[in-house]
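Order of appearance sets the numbers: ligands from 1, and atoms from 1 within every ligand. Side chains included, hydrogens not; waters and symmetry mates left out as well; all remaining heavy atoms used. Counting begins at 1 with the first residue of the sequence.
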Amino acid sequence: MNEKYVPAEVESKWQRIWEEQKAYETKLDRQRPEYYVLEMFPYPSGNLHMGHVRNYSIGDVIARFKSMQGYNVLHPMGWDSFGMPAENAAIKHGLKSDKWTWDNIANMRRQQKTLGLSYDWDREVATCHPDYYRWTQWLFLLFYEKGLAYKKKAAVNWCEECNTVLANEQVVDGHCWRCDSVVVKKELEQWFFKITDYADRLLADLSELKGWPDRVKTMQENWIGKSTGAEFSFDAPEIHEKIPVYTTRVDTVYGVSYIVLAPEHPFVERLIAGKEQEAAVKDFVAKVRGLSEVSRTSGDTEKEGLFTGAYAIHPFTGKRVPIWVANYVLFEYGTGAVMGVPAHDERDFMFAKKYDLPIQIVVQPQGKELSLDSMTDAYHEDGILVNSGEFSSMTSEDARTAIAKWLEEKGIGSGRTNYRLRDWLISRQRYWGAPIPIIYCPHCGVVPVPKDQLPVRLPENVDFNQGAVSPLATVEEFVNCTCPKCGGKARRETDTMDTFICSSWYYFRYTSPHCEVAPFDSSQANYWAPVDQYIGGIEHAILHLLYSRFFTKVLADAGLVNVNEPFKNLLTQGMVIKDGSKMSKSKGNVVSPEEIVNKFGADTARLFILFAAPPERDLEWNDQAVEGSHRFLNRLWRIVYHYVDTIRGGETSYDTVSLTKADKELRRALHLSIKKVTDDIGERRNFNTAISSIMELVNALYLFKDQEDQPKSGLIYEVLTSLVKLIAPFAPHIAEELWSEMGQEGSVHKQKWPKYDPDAIEQDELEIVLQINGKVRDKLIVPASLDKVALEAAALKQDKVKNLIADKKVVKVICVPHKLVNIVVK
Ligand code: ANZ
Ligand code: ZN
């Protein structure tokens with residue numbers, strides 16, 4: 001065995017051997033329990049960053065650990081490889097998007113391989129490969145057949161910078177999720193997926209996800225935004241229409257003093273026709289339409305509105321109420337019209353004060369009386385109804401039920417549930433994405449491409465300089481086609497799909513990546529699914545994770561999978577920080593993984609990253625700590641080197657009866673470490689404390705070495721082979737090398753995970769803390785077997801204790817076995 005640890009040699013050697021032996025190839029095996037570990041697949045930007053290394057190191061520890069625990073582990077990797085950067089490379093630098101992408105993939109795959117990750121590379125997928133996007137298109141057609149894909153004209157989010165529309169989920173505080181520029185509204189004909197059909201299930205099933213962080217579930221819950229209330233109409237006699245409103249507080253209906261429409265509401269134009277307000281309202285509507293949704297809904301925006309000049313009839317009182325338009329009413333939510341109840345809604349209160357509209361209290365809090373003169377804000381809580389006709393003196397809750405019933409009986413409304421969630425806008429005016437497999441025929445209309453004609457391939461030569469909305473529209477050979485129904489001349493859809501569609505089903509593709517007759521083989525998918533442990537960044541809390549849940553439910557309804565949720569456990573890793581901010585090119589604080597691997601080896605890089613912080617927390621980069629991890633691996637190497645002959649030539653077992661004190665302590669350190677590492681990886685995912693317990697074990701070994709010149713070889717064998725197994729998931733190369741140097745058969749990664757022996761952890765003697773009135777006064781070494789009564793007696797016999805309590809009265813003695821005795825005196 002080499003005296004010196006040379007990571008570069010060790011790592012390249014084992015990477016080669018693992019690859020030759022296909023060490024991480026996975027097959028369906030019904031004899032063993034399965035375990036599916038998945039890290040979110042990367043966008044092939046060109047180089048790995050530390051965030052990737054962290055993500056993959058976490059996944060790899062879990063994969064290797066579960067495999068040693070006897071599970072049949074699936075641990076795949078692939079590429080989320082459609083998207084804007086490849087297209088920008090083509091526009092800005094004249095590089096072909098596909099070549100750019102494949103070159104990046106090759107480089108990142110090479111970098112991943114230097115990290116020694118236990119991927120089954122046979123299962124690699126890339127979403128931009130025709131063998132993959134053919135099935136993305138197939139799934140689009142499935143959604144289309146099920147009525148879940150449709151086209152409509154709508155005011156959509158448009159990013160000027162990216163030159164494309166965005167889904168609501170991709171608009172973050174009014175800005176584009178990718179380039180951060182301000183998003184504007186545009187009227188366009190677009191394709192949507194009907195995710196709203198699944199709103200209820202997406203919400204209800206969150207409760208099944210016990211293994212997800214609460215934070216993520218809350219974000220999804222708020223995004224879906226379920227609200228229960230009532231919808232009913234106010235007559236607008238001047239235009240012979242009924243104006244439906246949506247309210248969560250139908251109990252306040254007698255307090256309505258006006259109606260407000262969103263400026264986009266289709267009735268506005270007719271209501272103002274011929275009125276003196278006509279011009280002013282038109283100007284106002286135009287002004288508000290130009291504002292972004294954020295500025296309209298933000299709390300600090302001044303509520304503004306105008307009277308239309310028209311009136312509606314209150315369905316309960318028959319009175320006339322004025323109809324207004326205002327900036328704070330959104331056209332896309334509810335019915336785009338609200339009833340204004342200033343006494344009980346903050347926004348309405350501000351609005352009524354500003355425009356001098358009447359305020360009428362209709363709900364009184366129990367026990368005290370509101371009066372109009374003293375009111376400085378709306379009273380928005382429940383209470384007892386007043387001034388509310390036959391509903392007066394009911395509680396708000398009862399009134400909501402009674403009023404909804406009344407509305408239903410009169411046929412003017414009913415209870416209704418609303419969701420904030422909107423349908424998923426999935427078409428993109430971009431080139432580098434999966435073409436939407438639809439054909440437009442002058443005779444037959446919208447015709448889906450027959451499934452046996454998939455994939456609709458992306459053309460290679462695209463001229464991006466024609467300024468067309470969709471680059472594909474400029475490629476005549478692509479656009480012109482024959483109609484699959486009538487054989488006449490037709491045109492292809494030139495939009496491509498949102499890349500979030502590609503990533504909504506990739507975890508199923510991994511289960512049968514070479515399947516040629518379907519997106520995946522259902523029997524394989526059902527064996528592996530759901531993903532047992534998913535690992536990725538919190539930035540996908542809504543986007544990718546919500547879309548994937550939606551896809552899984554649609555696939556389940558279509559009978560393609562038998563799971564209802566894709567990801568059983570979710571770990572959202574923290575960021576990698578340097579000098580106080582997230583590592584990023586723009587901040588210039590990037591540490592390149594490749595550099596660290598070249599300098600210290602992958603095992604050091606992995607160990608540092610897992611040791612520096614618990615996985616969910618942010619991790620501060622620290623050069624000294626990297627070196628510290630490296631020194632630790634050297635220390636590990638040297639202690640094995642010291643004992644390697646003892647192990648190779650010695651016993652493999654020993655007699656526990658004849659152990660010395662030092663032997664027992666070493667054995668105890670080992671079994672404590674086995675217990676700790678097993679719990680920390682398996683239950684708590686606290687890799688940092690698992691590693692520190694392995695470090696303690698190595699310290700114990702060095703201590704032992706100085707005490708025992710002639711150790712029992714069987715004990716050394718047990719401790720060192722187990723130690724190498726414990727470190728194997730974290731530092732797989734050095735573990736494999738030490739395993740083989742110790743003369744052990746096979747790969748350490750195929751060994752059974754060690755089990756701790758409770759007897760070995762039992763201590764002969766314990767240190768007990770002695771307290772008087774809760775203050776620590778002394779310590780006491782006692783046999784571990786001592787019971788409460790004996791422990792109490794021993795404590796009271798201590799000289800120091802005796803002195804301190806000599807002139808006092810003992811009130812009681814609290815005994816915590818194995819820990820402390822507290823004597824309470826007066
Ligand atoms: C009258 C009322 C009285 C209201 C009251 C609240 C309190 P959520 O829970 O978010 O669904 N609203 C309805 N549609 C709207 C739209 N398109 N734009 C702006 N506001 C709208 O909230 C529903 C409540 O928000 C509704 O209940 C309505 O105001 C308002 F004391 O109706 B409420
Ligand atoms: Zn046709």
(Q) Which option wins on minimum heavy-atom distance to atom 19 (C) of ligand 1: Y328, Y246, Y333? (A) Y328

Q) Got a salt bridge between E87 and R428, using NZ or NE/NH1/NH2 to carboxylate O under 4.0 Å? A) no

Q: Would you give the length of the straight line joining atom CZ of F143 to atom NZ of K194, rounded to the nearest 0.5 angstrom?
A: 13.0 Å

Q: May I ask whether G334 places a heavy atom under 4.0 Å from ligand 1?
A: no

Q | Taking atom 15 (C) of ligand 1 as the reference point, the nearest protein heavy atom with its distance | A | V338 CG1, 3.3 Å

Q | Straight-line distance of L370 CG to Y379 OH, nearest 0.5 Å | A | 7.0 Å

(Q) Among all protein heavy atoms in this structure, tell me which lies nearest to atom 3 (C) of ligand 1, with the distance rounded to 0.1 Å. (A) T252 OG1, 3.5 Å

(Q) Suppose I only count heavy atoms of T247 and a 4.0 Å limit; which atoms of ligand 1 are within that range? (A) 1 (C), 2 (C), 4 (C), 26 (C), 27 (O), 32 (O), 33 (B)

Q.
Would you say NZ of K568 has more than 12 non-hydrogen atoms from neighbouring residues, nucleotides or ligands within 6.0 angstrom?
A. no

Q) Does any N or O atom in R249 lie less than 3.5 angstrom from one in ligand 1, N or O only? A) no

Q: Give a yes/no on ligand 1: does H380 have at least one heavy atom closer than 4.0 angstrom to it?
A: no

Q: Under the side chain to side chain donor-acceptor pair (under 3.5 Å) rule, what do K303 and N327 come out as? Steps first, then yes or no, please.
A: CA-CA 6 Å; K303 313 271 165 291; N327 58 356; over 6 Å; no

Q: Using side-chain hydrogen bond (donor to acceptor under 3.5 Å, both in side chains) as the criterion, point out the one residue from T494, N163, D495 that pairs with Q429.
A: D495

Q.
Considering both backbone and side-chain atoms of D345, is one of its nitrogen or oxygen atoms within less than 3.5 Å of a nitrogen or oxygen in ligand 1?
A. no

Q) Nearest to atom 10 (O) of ligand 1, what protein heavy atom do you find, and at what distance? A) R420 NH2, 2.5 Å

Q) Between W424 and Y547, how do the two ring planes meet: parallel, tilted or perpendicular, split at 30° and 60°? A) parallel

(Q) Ring-plane angle category for F551 and F193, please: parallel below 30°, perpendicular beyond 60°, tilted otherwise. (A) tilted

Q. So between H344, M339, R347, whose heavy atom ends up nearest atom 31 (F) of ligand 1?
A. H344

Q. Which residue from L330, T248, V329 reaches closest to atom 17 (N) of ligand 1 through any of its heavy atoms?
A. L330

